[in-house]
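What follows is one structure encoded as structure tokens, with my remarks underneath.
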2 protein chains.
Amino acid sequence: MTTMDKILSSSETLFDRHGFTATGMDKLTQGAGVSSRTLYKHVGSKNALIARVLDERDRRFAQFMEDDTIEALFNALEEWGRVEGRRGCLFLRALSETGGDTPEIKEAVLAHKMRMAKRIARLVEQETGDSDAALTEQIIVLFEGAAAAAAYRGEQAVAAARQAAVALLAGACS
Amino acid sequence: MTTMDKILSSSETLFDRHGFTATGMDKLTQGAGVSSRTLYKHVGSKNALIARVLDERDRRFAQFMEDDTIEALFNALEEWGRVEGRRGCLFLRALSETGGDTPEIKEAVLAHKMRMAKRIARLVEQETGDSDAALTEQIIVLFEGAAAAAAYRGEQAVAAARQAAVALLAGACS
DNA sequence: TTTACTGTAAAACGATCGCTTTACTTCGTC
DNA sequence: GACGAAGTAAAGCGATCGTTTTACAGTAAA
């Protein structure tokens with residue numbers, strides 16, 4: 001595990017558990033077991049660190065979600081929540097904590113959301129036969145809602161989202 | 001407008017725009033046009049202020065959403081977003097920024113979520129004839145997803161959530 | 001053996017954090 | 001006309017913020 005890996009993975013955990021603004025640089029260096037100088041040489045600034053953490057999480061999340069049906073996608077989200085915890089979407093949390101006015105963070109968030117939207121659109125097209133923009137938007141909302149509601153309702157929220165998605169897909173096929 | 005009203009309403013705006021942790025007491029006193037001593041006499045602490053702001057928002061939100069159908073509820077959410085902005089659910093944002101370990105804040109958030117869940121359950125029962133827990137959970141997820149996704153997809157996310165909710169309700173009635 | 005890289009520990013930068021205090025005004029009410 | 005309630009401005013509390021700096025150690029290639 002390289003120094004960079006240590007920095008990114010422990011920072012991700014700290015940000016996720018305690019929030020971005022509330023987590024100071026001392027906690028981050030201490031968490032990574034690294035001096036502050038080393039951390040700054042690697043990432044440049046706290047905002048850049050946040051953006052890098054989000055990019056890395058996007059990679060990890062996309063890899064975790066490599067599924068070929070909408071139903072499997074929601075199953076993967078359920079499993080992700082069991083493993084990683086359910087504290088809401090870290091990307092939207094980063095966006096809202098910074099008020100959306102940190103360009104590097106905003107870009108990382110929107111890139112992730114764009115990628116997820118495209119993936120869902122592709123799966124919908126695969127399963128229904130044609131590209132249904134309205135249905136795709138509904139599945140996106142369900143996915144987002146599952147992540148958000150699971151923070152206080154637990155994994156039943158993800159299960160409900162999956163059921164709803166499957167029902168809507170079935171309605172579109174007929 | 002009383003001093004307390006000024007404090008709560010301007011604090012709500014600042015928290016919503018810039019985040020809870022990122023908004024310091026000086027911005028809050030300055031925003032309310034009030035001395036720091038007055039603010040502390042009224043609210044006691046920053047965490048207590050956050051909790052009070054959330055309670056007040058819950059009141060305002062519930063009043064805004066006084067509707068008698070699920071469809072009307074989503075219409076109201078769409079209108080709320082137009083008027084108040086779409087930056088995600090302020091309650092969940094408060095919860096995640098504080099890591100969930102500030103009791104007074106956590107209580108305010110869960111009280112709000114419980115109230116919304118009960119309202120949705122009642123509306124579902126009104127419209128389908130019986131209390132369908134699974135369908136209720138799906139509508140809750142859609143509502144939560146609309147609020148979250150609207151932050152980066154705009155009001156089309158709310159429209160999609162409404163369409164999905166109506167479709168699921170129709171499926172349950174038959 | 002020198003050079004370059006990567007790391008450490010620790011102090012310090014000015015600014016800001018949440019919060020308290022001191023000293024003083026303004027105002028309605030009894 | 002005295003009094004308490006409710007407000008002000010401004011300084012200061014110790015702590016922490018994000019960031020830079022100084023001074024030094026280990027290692028591997030040239």
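Atoms considered below: every heavy atom in the structure, side chains included; atoms not considered: hydrogens, waters and symmetry mates. Labels below follow one simple rule: chain letters A, B, ... track the order of the sequence lines, proteins then strands, and each chain is numbered from 1. Just so you know, these numbers come straight off a predicted model, no measurement behind them.
- In this structure, B:R122 does not pair ionically with B:E125, as no charged nitrogen and carboxylate oxygen lie closer than 4.0 Å.
- Separating the OH atom of A:Y40 from the P atom of C:dA11 is a distance of 18 Å, rounded to the nearest angstrom.
- Annotation: side chain of A:V109 is not in contact with side chain of A:K106 (no heavy-atom distance under 4.5 Å).
- The base of D:dT19 lies outside donor-acceptor range of the side chain of A:S45, with no N or O pair under 3.5 Å.
- For the pair A:S36 and A:K41, both in contact range of DNA chain C, the more 5′-proximal nearest nucleotide belongs to A:K41.
- Distance NZ (B:K46) to C1' (C:dC17): 8 Å, rounded to an integer number of Å.
- With salt bridges taken as basic N to acidic carboxylate O contacts below 4.0 Å, none links A:R153 and B:E144.
- The CG-C1' distance, from A:D26 to C:dT16, rounds to 15 Å in whole Å.
- A:L142 has its side chain within reach of A:F74: a pair of non-hydrogen atoms, C-beta onward, lies under 4.5 Å apart.
- Within 4.0 Å of A:T29, counting heavy atoms only, lies no atom of the nucleic acid at all.
- The separation between A:L49 atom CG and D:dT19 atom C1' is 14 Å, rounded to whole Å.
- As a whole-Å value, the separation of A:M25 CE from C:dA10 P is 19 Å.
- Contact check, A:T38 against C:dT8: a side-chain N or O comes under 4.0 Å of OP1 or OP2.
- At least one side-chain nitrogen or oxygen of A:H42 sits closer than 4.0 Å to the OP1 or OP2 atom of C:dG7.
- Here the P atom of nucleotide C:dG18 and the CZ atom of B:F20 are 13 Å apart, to the nearest Å.
- Both A:N47 and B:R37 lie near DNA chain D, and the one whose nearest nucleotide falls closer to the 5' end is B:R37.
- The CZ-P distance, from B:F15 to C:dG18, rounds to 9 Å in whole Å.
- Separating the CG atom of A:L39 from the P atom of C:dA9 is a distance of 13 Å, rounded to the nearest angstrom.
- Classification of the B:F91-B:H112 ring pair by plane angle, with boundaries at 30° and 60°, yields parallel.
- A sub-4.0 Å separation between OP1 or OP2 of C:dG7 and a side-chain N or O of A:T3 is present.
- Looking at heavy-atom distances under 4.0 Å, B:T23 makes contact with sugar-phosphate atoms alone, never a base.
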